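Let me begin by presenting the structure, written as structure tokens, before commenting on it.
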Amino acid sequence: QVQLVESGGGLVQAGGSLRLSCAVSGRTASTYAVGWFRQAPGKEREFVAAISRSIGTTYYTDSVKGRCTISRDNAKNTVYLQMNSLKPEDTAVYYCAAGNTGMPLRTTRRVDYWGQGTQVTVSS
């Protein structure tokens, strides 16, 4: 069993930055594909960023490219999402996810484990 615990969400003004953290326990983070998804009120959960379990290739949804960076610290078994130049439309609950797959975690169908979510609110 894998547990994912997010932290780092909060309220920030447009243009600001946040760094989300996801502590992985139960298995080594590097043995899983991991990623971040988000869900705004009334909308479906959507892919934000992912990092492969092998060589650490990163993937981003178009709306966050150039503003967000996903990274993984294997020594700390933690995955991060650095978000810069935040916009009000980035407001959502952000979920850390892990999948026992060799494919990039760009769809909820590949997710085996979810964190509890952390709220990110960007004010205009």
Side-chain angles (χ1 to χ4, degrees):
Q1 189 73 354
V2 173
Q3 292 80 43
L4 309 171
V5 179
E6 303 99 332
S7 61
L11 173 63
V12 63
Q13 288 187 334
S17 299
L18 283 173
R19 187 177 79 156
L20 305 183
S21 300
C22 175
V24 182
S25 60
R27 286 277 298 272
T28 303
S30 61
T31 65
Y32 280 89
V34 292
W36 290 91
F37 292 75
R38 65 187 179 187
Q39 188 167 20
K43 295 187 177 181
E44 292 187 353
R45 194 168 297 188
E46 64 174 1
F47 165 73
V48 177
I51 186 166
S52 67
R53 68 179 182 182
S54 54
I55 59 175
T57 305
T58 57
Y59 307 85
Y60 301 94
T61 191
D62 287 346
S63 63
V64 306
K65 282 181 181 177
R67 300 190 297 119
C68 293
T69 303
I70 186 171
S71 60
R72 186 175 63 204
D73 186 332
N74 291 336
K76 295 183 178 180
N77 233 19
T78 301
V79 181
Y80 303 98
L81 182 67
Q82 177 68 44
M83 303 188 294
N84 301 322
S85 301
L86 283 163
K87 304 175 181 180
E89 51 263 43
D90 293 318
T91 295
V93 177
Y94 283 70
Y95 296 91
C96 181
N100 189 18
T101 174
M103 301 295 290
L105 210 65
R106 291 192 288 189
T107 169
T108 57
R109 293 189 299 272
R110 294 176 184 159
V111 175
D112 295 303
Y113 303 99
W114 292 100
Q116 83 286 354
T118 185
Q119 177 70 47
V120 171
T121 302
V122 184
S123 63
S124 57

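Everything quoted here is computed from the prediction, not taken from an experiment.
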Atom pair CD1 (I51) and OG1 (T57), whose distance is rounded to the nearest 0.5 Å
8.0 Å
Report the distance from atom SG of C22 to atom CG of D73, rounding to the nearest 0.5 Å.
12.5 Å
Using only atom types and a distance under 3.5 Å, with no angle test, would you say the side chain of T101 pairs donor to acceptor with the backbone of G99?
no
Linking I/L/V/M/F/W/Y whenever their side-chain heavy atoms sit closer than 4.5 Å, directly or via other members, would F47 and I70 fall into one cluster?
no
Examine distances only and state if a side-chain atom of R110 and a backbone atom of P104 form a donor-acceptor pair shorter than 3.5 Å.
yes
Separation between OG (S25) and CG (N77), nearest 0.5 Å, reads 8.0 Å
Only one of R38, Q116, Q39 passes side chain to side chain contact (heavy atoms under 4.5 Å, CB included) with Y95; say which it is.
Q39
Indicate the atoms forming the closest heavy-atom contact of A50 with R106, along with that distance.
CB-CG, 4.5 Å
With sequence neighbours left out, write down each residue that passes side chain to side chain contact (heavy atoms under 4.5 Å, CB included) with D112, or none if nothing qualifies.
N100
As a quick check of understanding, evaluate side-chain contact (heavy atoms from CB on, under 4.5 Å) for V120 and M83, giving each step before the final call.
CA-CA 10 Å; V120 171; M83 303 188 294; 3.9 Å; yes
Minimum-distance pair of heavy atoms, taken over all atoms of V34 and A98:
CG1-CB, 4.1 Å
Same cluster (ILVMFWY, side-chain, under 4.5 Å), V12 and W36
yes
State, to 0.1 Å, how close S17 and S85 come at their nearest heavy-atom pair, and which atoms those are.
OG-N, 4.3 Å
Any donor-acceptor pair under 3.5 Å from R72 side chain to S52 backbone
yes
Are L20 and Y59 connected, step by step, through hydrophobic side chains (Ile, Leu, Val, Met, Phe, Trp, Tyr) whose heavy atoms are closer than 4.5 Å?
no
In the single-linkage hydrophobic clustering (I, L, V, M, F, W, Y; side-chain heavy atoms under 4.5 Å), do Y113 and V93 co-cluster?
no
Given the rule that I, L, V, M, F, W and Y join up when any side-chain heavy atoms are under 4.5 Å apart, are Y80 and L18 in one cluster?
no
Distance, nearest 0.5 Å, that separates OG of S124 from CD of E89:
10.0 Å
From R67 CZ over to D90 CG, what is the distance, rounded to the nearest 0.5 angstrom?
4.0 Å
Please report the interatomic distance NZ(K65) to OH(Y60), rounded to the nearest 0.5 Å.
10.5 Å
Look only at the side chain of E6 and the backbone of G117, and say whether a donor-acceptor pair between them is shorter than 3.5 Å.
yes
According to side chain to side chain contact (heavy atoms under 4.5 Å, CB included), who are the partners of A97, at least two apart in sequence or on a separate chain?
F37, L105, V111, W114
Could you pull out the closest heavy-atom pair between V122 and T91, with the gap in Å?
N-OG1, 2.9 Å
As a quick check of understanding, evaluate side-chain contact (heavy atoms from CB on, under 4.5 Å) for V24 and Y32, giving each step before the final call.
CA-CA 10 Å; V24 182; Y32 280 89; 5.7 Å; no
